[in-house]
Amino acid sequence: MVPRRVRSRAIQGGKDKVRSEAVQRRKGYLYPFGTGPGCGDPRFQPYITCNQQQQQLTFSTHTGCYPITSIDYNNQVIYISDPTISTCSCTQPSKGFGLNWDAPFSFHDDTVFALLDCSPTSSIYRGGNGNNSSFPMCDSQGGSICSLLYSCEAISRLSLPISTCCVYTPVDLGPSFEMDLEKLQCTSYSALYGYNGQESNPQGWNYGIAVKYKFNFDNDYPGLCASCEKSNGVCGFNSDAYKSFACNCPGGLNTTTDCFLGESWSYGAKFLPWKTGT
């Protein structure tokens, strides 16, 4: 609820904040993500952006920009789509995928990557002693996934031998979370995060990439944000050098605590205590 008697100064860009807040409420985007400047957690803003016209959240890394298909807030998982992923319906060349090493994300354990059409000289076939061995960088249980993928019409018509497929999990991507297909000498890749109860039917798999996120080191939901949301506010941050916490309240007002507006600050001006009555 917004107090009726408040003294504050309007600031440039206030309308944009109100618009971003409205989009965030309407689309159901929750903390730590935001839909515009000053919304959400500042650590996530460089990587999660919102297309105001298309009402679409986008996940950005050094390898490209990817549409976010859904967010599981309870389990802190983001599901993204890479337009260059090969699926049972379509195969296409790709440069790969990677996460920024300093970003607050990691691959979800359910994410499975399958490298397709890899060269026999690829490093994925080399053992630790430099000799060729049987898929030393690949999941030893991934053969069935390769067989099912290569049975899809879009891939089978390429007449690729099954040995050109390698399935491996994110742990093998290394600390940089990098999958450079050119370096690995593979033409394309497929990624999935679930079988949708159809383990033997690749047409029904959930294609895409699932990544996890953390609020902080202990992964505790920030207390300030919890208080802000209980008062019908949207958590954000100020544009100062410290990117200090701000609670965006209905009507475009900001406080450092919550929208019940005890003694707090908005846009550099102090609020008067909220009084009821006339």
Side-chain angles (χ1 to χ4, degrees), residues 29-35 37-51 56-73 75-86 93-116 118 122-126 128 135-139 142 166-193 207-222 225 235-237 241-243:
Y29 300 140
L30 304 177
Y31 186 87
F33 311 117
T35 58
C39 294
D41 187 312
R43 296 185 308 135
F44 292 86
Q45 191 179 52
Y47 311 105
I48 308 292
T49 56
C50 179
N51 185 313
Q56 173 71 57
L57 282 182
T58 300
F59 185 87
S60 301
T61 78
H62 63 282
T63 56
C65 299
Y66 311 93
I68 294 177
T69 56
S70 64
I71 302 175
D72 182 345
Y73 289 98
N75 295 303
Q76 297 171 220
V77 182
I78 303 173
Y79 297 95
I80 64 176
S81 170
D82 180 357
T84 69
I85 282 180
S86 292
S94 174
K95 294 183 179 179
F97 181 86
L99 294 176
N100 293 24
W101 69 269
D102 57 346
F105 305 101
S106 61
F107 289 109
H108 191 276
D109 293 340
D110 291 341
T111 302
V112 176
F113 291 101
L115 307 186
L116 310 176
C118 299
S122 171
S123 59
I124 62 175
Y125 301 117
R126 302 193 188 115
F135 301 94
M137 291 181 62
C138 305
D139 190 334
C166 169
V167 173
Y168 63 106
T169 55
V171 68
D172 294 315
L173 295 183
S176 62
F177 300 106
E178 185 74 29
M179 184 176 60
D180 187 335
L181 294 187
E182 183 177 358
K183 182 179 179 180
L184 295 173
Q185 296 180 274
C186 300
T187 301
S188 58
Y189 84 103
S190 184
L192 60 138
Y193 53 81
Y207 291 98
I209 302 169
V211 295
K212 299 181 292 185
Y213 64 88
K214 294 180 65 175
F215 296 114
N216 44 51
F217 181 79
D218 295 321
N219 202 25
D220 294 327
Y221 199 82
C225 185
C235 302
F237 58 94
Y242 300 101
K243 298 188 183 299

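The figures here come from the full heavy-atom set of this structure, side chains too, leaving out hydrogens, waters and symmetry mates. Numbers here simply count residues along the sequence, with the first being 1. Only a predicted model underlies this, so the values are computations on that prediction, with no experimental measurement involved.
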side-chain contact (heavy atoms from CB on, under 4.5 Å) partner of K212, the single match among N75, T111, D109, N219
D109
Can you name the nearest heavy-atom pair linking T69 to I80, along with the distance?
OG1-N, 4.2 Å
Less than 4.5 Å apart, any side-chain heavy atom of H108 and any of Y79?
no
Here the gap from K183 atom NZ to S123 atom OG, rounded to the nearest 0.5 Å, amounts to 7.5 Å
Does any part of the side chain of Y73, heavy atoms only, come nearer than 4.5 Å to the side chain of F33, both counted from C-beta?
yes
Grab the two heavy atoms, one from Q56 and one from I68, that are nearest each other, plus how far apart they are.
NE2-O, 2.8 Å
In terms of heavy-atom contacts, S122 and Q185 come closest through CA-OE1, 3.3 Å
Would you call Y47 and Y213 a side-chain contact if the rule is heavy atoms closer than 4.5 Å?
no
Considering non-hydrogen atoms only, spot the tightest contact between S60 and P46 and give its length.
CB-O, 4.2 Å
F113 side, atom CZ; F97 side, atom CZ - distance, nearest 0.5 Å:
6.5 Å
T63 backbone acceptor or donor facing Y66 side chain under 3.5 Å:
yes
Is a side-chain donor or acceptor of N216 paired with a backbone partner of D218 at a separation under 3.5 angstrom?
yes
Taking S81 for the side chain and G208 for the main chain, is one N or O donor matched with an acceptor at less than 3.5 Å?
no
For K95, I'd like to know if atom NZ has over 12 heavy atoms of other residues, nucleotides or ligands within 6.0 Å.
no
Residues G96 and D82: closest non-hydrogen pair is O-OD2, 4.2 Å
Is the shortest heavy-atom distance from the side chain of F105 to the side chain of I78 under 4.5 Å?
yes
With a 4.5 Å heavy-atom cut-off, do I209 and I85 have their side chains touching?
yes
Minimum-distance pair of heavy atoms, taken over all atoms of C186 and I124
SG-CD1, 4.4 Å
Under 2.5 Å between the SG atoms of C39 and C235?
no
Over 60° means perpendicular and under 30° means parallel, so classify the ring planes of Y221 and Y31, tilted if in between.
perpendicular
NZ/K214 to CG/D220 distance, rounded to the nearest 0.5 angstrom?
9.5 Å
Measure from the side-chain N and O atoms of T61 to the backbone N and O of L99, and report whether any donor-acceptor pair falls under 3.5 Å.
no
Please examine the side chains of L184 and Y189, heavy atoms only from C-beta on, and report whether any two atoms are closer than 4.5 Å.
no
For the cysteine pair C138 and C166, state whether the SG atoms are less than 2.5 angstrom apart.
yes
Contact check, side chains of R43 and P32, non-hydrogen atoms, under 4.5 Å
no
